[in-house]
Number of protein chains: 2
Amino acid sequence: MARKYIDNPNACSLVHTMNIIGNKWKPIILYLLSNGSMRFGMLNTLIPTISKKVLTNQLKELESDGLLLRQSFAEIPPRVEYSLTEKAIGLLPVLRQLSDWANEAYPEMEFEQCRIIENGKKPAYNNVYKK
Amino acid sequence: MARKYIDNPNACSLVHTMNIIGNKWKPIILYLLSNGSMRFGMLNTLIPTISKKVLTNQLKELESDGLLLRQSFAEIPPRVEYSLTEKAIGLLPVLRQLSDWANEAYPEMEFEQCRIIENGKKPAYNNVYKK
DNA sequence: CTGGATCCACATAGATACTG
DNA sequence: CAGTATCTATGTGGATCCAG
């Protein structure tokens with residue numbers, strides 16, 4: 001037995017982090033917003049395999065966890081812009097390290113050939129989004 | 001619109017990382033094994049709210065993704081030891097940064113009061129494991 | 001002790017249609 | 001355009017029993 005007592009604030013904050021961003025879509029949403037704000041429809045276009053319902057839900061959760069700012073403009077047609085909060089911006093370097101780790105640990109995956117979207121068309125190899 | 005074309009090996013490797021470790025239990029399993037190998041039953045004791053079936057499944061997936069080494073000893077009663085691979089060890093610093101981020105971004109959570117287990121008893125506040 | 005097999009409950013995802 | 005509402009399908013998790 002390795003130990004009987006584990007004092008692990010780190011484990012619990014790690015769990016908390018994973019509860020917030022540890023799923024299929026949220027890291028990608030944060031990544032896509034890292035260059036600036038984006039509209040709902042653009043996010044949906046850039047992540048072709050997500051449904052509107054799920055995207056809506058993910059954006060709500062990210063907003064309620066303080067990672068996203070939602071700005072709704074009273075126009076016709078309506079416009080909603082999503083952008084990262086400071087909290088989320090602080091997370092970007094870590095996300096970068098997570099992707100760096102995958103590139104090193106799984107060189108055979110050849111991630112450099114992977115695109116989300118090219119010239120407005122859906123990619124032929126978006127299978128990484130399908131688990 | 002922020003951009004029409006996104007060249008994002010980082011996004012895809014990030015997705016891959018999250019497919020591997022981005023769920024409720026796997027980061028905790030990796031964290032618990034960071035000090036050395038551990039048996040199945042000990043992991044189950046240290047994560048009281050996981051069922052055997054799910055723990056088995058998580059361990060299998062981690063093993064097939066090259067993060068865990070599984071050593072089965074032909075004894076009676078049987079003994080199985082799990083330990084981290086080099087690949088997983090390379091991930092530990094990033095996991096540490098993820099927990100650091102949560103501590104900074106959510107100071108009100110007071111993770112330092114959170115334990116997985118104390119002196120062999122189940123903790124009174126393991127709610128962080130229940131989403 | 002370490003699981004595998006089975007059954008069941010529940011939550012989530014997907015598809016479709018609709019609305020302000 | 002940016003969602004909501006509804007229904008269904010899928011799958012994941014929990015509990016229990018069984019096996020080597």
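Labels below follow one simple rule: chain letters A, B, ... track the order of the sequence lines, proteins then strands, and each chain is numbered from 1. Bear in mind the structure is a predicted one, so any value in this text is a computation, not a measurement.
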Check step by step if side-chain contact (heavy atoms from CB on, under 4.5 Å) holds for S83(B) and E81(B).
CA-CA 7 Å; S83(B) 57; E81(B) 294 271 354; over 6 Å; no

Please tell me if K60(B) has a side-chain N or O lying less than 4.0 Å from either OP1 or OP2 of dG4(C).
yes

To the nearest Å, give me how far apart NZ (K24(A)) and C1' (dA11(C)) are.
15 Å

Length of the line joining E61(B):CD and dG11(D):C1', which is rounded to integer Å
13 Å

Could you state the atom-to-atom distance from CG of L59(B) to P of dG3(C) in whole Å?
7 Å

Ring centres of W25(B) and Y31(B) under 6.0 Å apart?
no

L43(A) and L59(A) have their tightest heavy-atom pair at CD1-CD2, 4.0 Å

Minimum side-chain heavy-atom gap L84(A)-L91(A) below 4.5 Å:
no

Separation of dG3(C) C1' from F40(B) CZ (nearest whole Å)
6 Å

Could you check R79(B) against Q58(A) and say which one's nearest nucleotide on DNA chain C is further toward the 5' end?
R79(B)

Toward the 5' end of DNA chain C, by each residue's nearest nucleotide, S51(A) or P77(A)
S51(A)

CE of M38(A) versus P of dA2(D): gap in Å, rounded?
12 Å

Classify the side chain of K53(A) versus the base of dG14(C) as yes if they form a donor-acceptor pair under 3.5 Å and no if they do not.
yes

By nearest atom, which of the nucleotides dG3(D), dC1(C), dC17(D) is closest to the K52(B) side chain?
dC17(D)

Here the distance between atom C1' of dT12(D) and atom CG of N57(B), to the nearest Å, is 9 Å

Would you say a side-chain N or O of R70(A) is under 4.0 Å from OP1 or OP2 of dG3(D)?
yes

Please give, in whole Å, the distance from dA11(C) C1' to N23(B) CG?
16 Å

Remember a base hit wins even if backbone is also touched, and classify F73(B) as base, sugar-phosphate or nothing at under 4.0 Å, heavy atoms.
nothing

Of the listed dG3(D), dC1(D), dA13(C), the closest approach to the V54(A) side chain comes from dA13(C)

For dA2(D), does OP1 or OP2 lie under 4.0 Å from any side-chain N or O of R39(A)?
yes

Report yes or no: is the cationic atom of K52(A) (NZ for Lys, CZ for Arg) closer than 6.0 Å to the six-membered ring centre of F40(A), at no more than 45° off its axis?
no

Roughly how many Å is it from CD1 in I76(A) to P in dG20(C), rounded to a whole number?
12 Å

Measure from the side chain of P78(B), starting at C-beta and using heavy atoms only, and say which of dT2(C), dG20(C), dG3(D) lies closest.
dT2(C)

